[in-house]
Amino acid sequence: MKVICGGIELREAASKVFKACAVRSTNPMLECIKLEAKGGIFKLTATDLELGIEKSVPASTPIEGEVVVTGTFFKDFVSKLSYEQIELSVSDNVLRISYGESDGKLMTMPSADFPQIRGVSKEQHFVVQKKDLRDLVNKVAFSAGTDDYRPILKGVLIEIEEGGAAAIALDGYRLAKCERPIVSTTAKMHAIVPARSLKEIASILDGEDEPIIVYVQKNYLMVDLGHTKITTRLLDGDFVNYKNIIPTSFETTTIVPKSPFADGLERAKLLSRNDRNSMVRFDIKDKCLTISSTSELGNLNENIIINATGKDMSIAFNANYLTDILKNIDTDTVTLNYINSTSPVVVTPTTTAEDLLYLVLPVRLV
């Protein structure tokens, strides 16, 4: 194999593809990157059997072929190269990386044992603007679970209806739901996609108003951007019936200016950071929200003038959950709807223009 390609393109490709390499796998091939030169294209591929990423860069390929290299070393090595043109050649199971007047060498492995990324049928799919797909992912994926004891919660539920898509994630303490329009769909469908895979898909989407096709079949989902293809295995099982979790009637509603609210929570977190629950207390009375936090370091009381209707309320939360939410709301004010001190609060932008909803369980007051 012999390849000549641009240094910038190679660095970017190795960095993107490496995200699908496994860490400390019992199968060493899952920690590797496959390099393939064919027909003027240099393709890099990695997979951990859940997520697969293929990235192609234009290249001169005078000698076609394919090999497998250690992912970590290859990615780290080429990331240190600043040369405009890089030549890669393989001889006697050794990859030679030439740059300027220098070169480095890396042992290779045959590609026969590298796992094939499953092909996805293109029959069933939906079309969505890149910006809307990024929003569906970025505004909910942080709420997905991380514990292996409930693996289904490590996924994001994607629901596709005619004209719209919804993404839902929850971890047992909080829930996020975002709705966005779609351009078209071949059918109603739903899929539970690993949150990690969706984050990687969102990270490679550039541009705002360009539509892309998302292919879905029974066990897999794929996004094909031409130069980059991401394939992910879907999670198998029944997602939580989230519609039964979201309350629809409330005793207290507050409209809070987002900027002072976010700043007050950040200051309160400084005192509660040694608390496992990062607990902050809210007291709502006379159109004032008091955010308080107490620890052995001291105490804090932040007073924010709000628009409030309904009963006075005292309730406590994990501050981290609320600050995560505020980072994903773009309006100047946010609406918080309460039932009582032990029921979840529903947080939304104070506008009907954005279909975004968050739910957070409170921390019990002592």
Are any of the side-chain nitrogens in Asp330 or Lys139 under 4.0 Å away from the carboxylate oxygens of its partner? yes
Would you say the side chains of Thr228 and Lys55 form a donor-acceptor pair under 3.5 Å? yes
I'd like to know if the side chain of Thr350 reaches the main chain of Thr333, judged simply by a donor and an acceptor atom lying under 3.5 Å from each other, with no hydrogens or angles considered. yes
Look at the side chain of Thr186 and the backbone N and O of His125, then say whether any donor-acceptor pair between them is shorter than 3.5 Å. yes
If you measure from the Lys or Arg side-chain nitrogens to the Asp or Glu carboxylate oxygens, is any gap between Lys188 and Glu161 under 4.0 Å? yes
Got a donor-acceptor contact below 3.5 angstrom from the Lys16 side chain to the Ile204 backbone? no
Give, for atom CG of Leu265 and atom OG of Ser293, the distance between the pair rounded to the nearest 0.5 Å. 10.0 Å
Any donor-acceptor pair under 3.5 Å linking the side-chain atoms of Gln217 with those of Ser121? no
Backbone N or O of Leu205 within a donor-acceptor pair of the Arg134 side chain at under 3.5 Å? yes
Look at the side chain of Gln85 and the backbone N and O of Ile4, then say whether any donor-acceptor pair between them is shorter than 3.5 Å. no
Does Asp148 have any salt bridge (charged side-chain N to carboxylate O under 4.0 Å, His left out) partners at least two apart in sequence or in another chain, and if so, which? Lys154
Aromatic plane relationship, Phe77 with Tyr99 - under 30° parallel, 30 to 60° tilted, over 60° perpendicular: perpendicular
Checking Asp283 now: which residues fulfil salt bridge (charged side-chain N to carboxylate O under 4.0 Å, His left out) with it, not counting sequence neighbours? Arg281
Under the ring pair (Phe, Tyr, Trp, His ring centres under 6.0 Å) rule, what pairs show up with a residue in residues 1-58, not counting sequence neighbours? none
When hydrophobic residues are tied together by side-chain contacts of less than 4.5 Å, even through go-betweens, does Phe282 share a cluster with Leu326? yes
With the 4.5 Å side-chain cut-off for hydrophobic clustering, are Tyr338 and Val346 part of the same group? no
All side chain to side chain contact (heavy atoms under 4.5 Å, CB included) counterparts of Ala167, not counting sequence neighbours: Leu136, Val140, Val156, Ile158
Does either side chain, that of Ser314 or that of Ser341, offer a donor lying less than 3.5 Å from an acceptor on the other one? no
Just by modelled atom types, is the Tyr358 backbone N or O under 3.5 Å from a matching donor or acceptor in the Arg174 side chain? no
Under the ring pair (Phe, Tyr, Trp, His ring centres under 6.0 Å) rule, what pairs show up with a residue in residues 224-253, not counting sequence neighbours? none
Run the salt-bridge test on Lys80 and Asp76 with the 4.0 Å N-O cut-off and return the result as yes or no. no
Kindly state each residue pair satisfying salt bridge (charged side-chain N to carboxylate O under 4.0 Å, His left out) with at least one member in residues 82-104, sequence neighbours excluded. Arg96-Asp103
Less than 4.0 Å between a side-chain N and a carboxylate O, is that true for Lys38 and Glu64? no
Are any non-hydrogen side-chain atoms of Ile306 and Ile284 less than 4.5 angstrom apart? yes
Side-chain (Thr61) to main-chain (Gly40) donor-acceptor, under 3.5 angstrom: yes
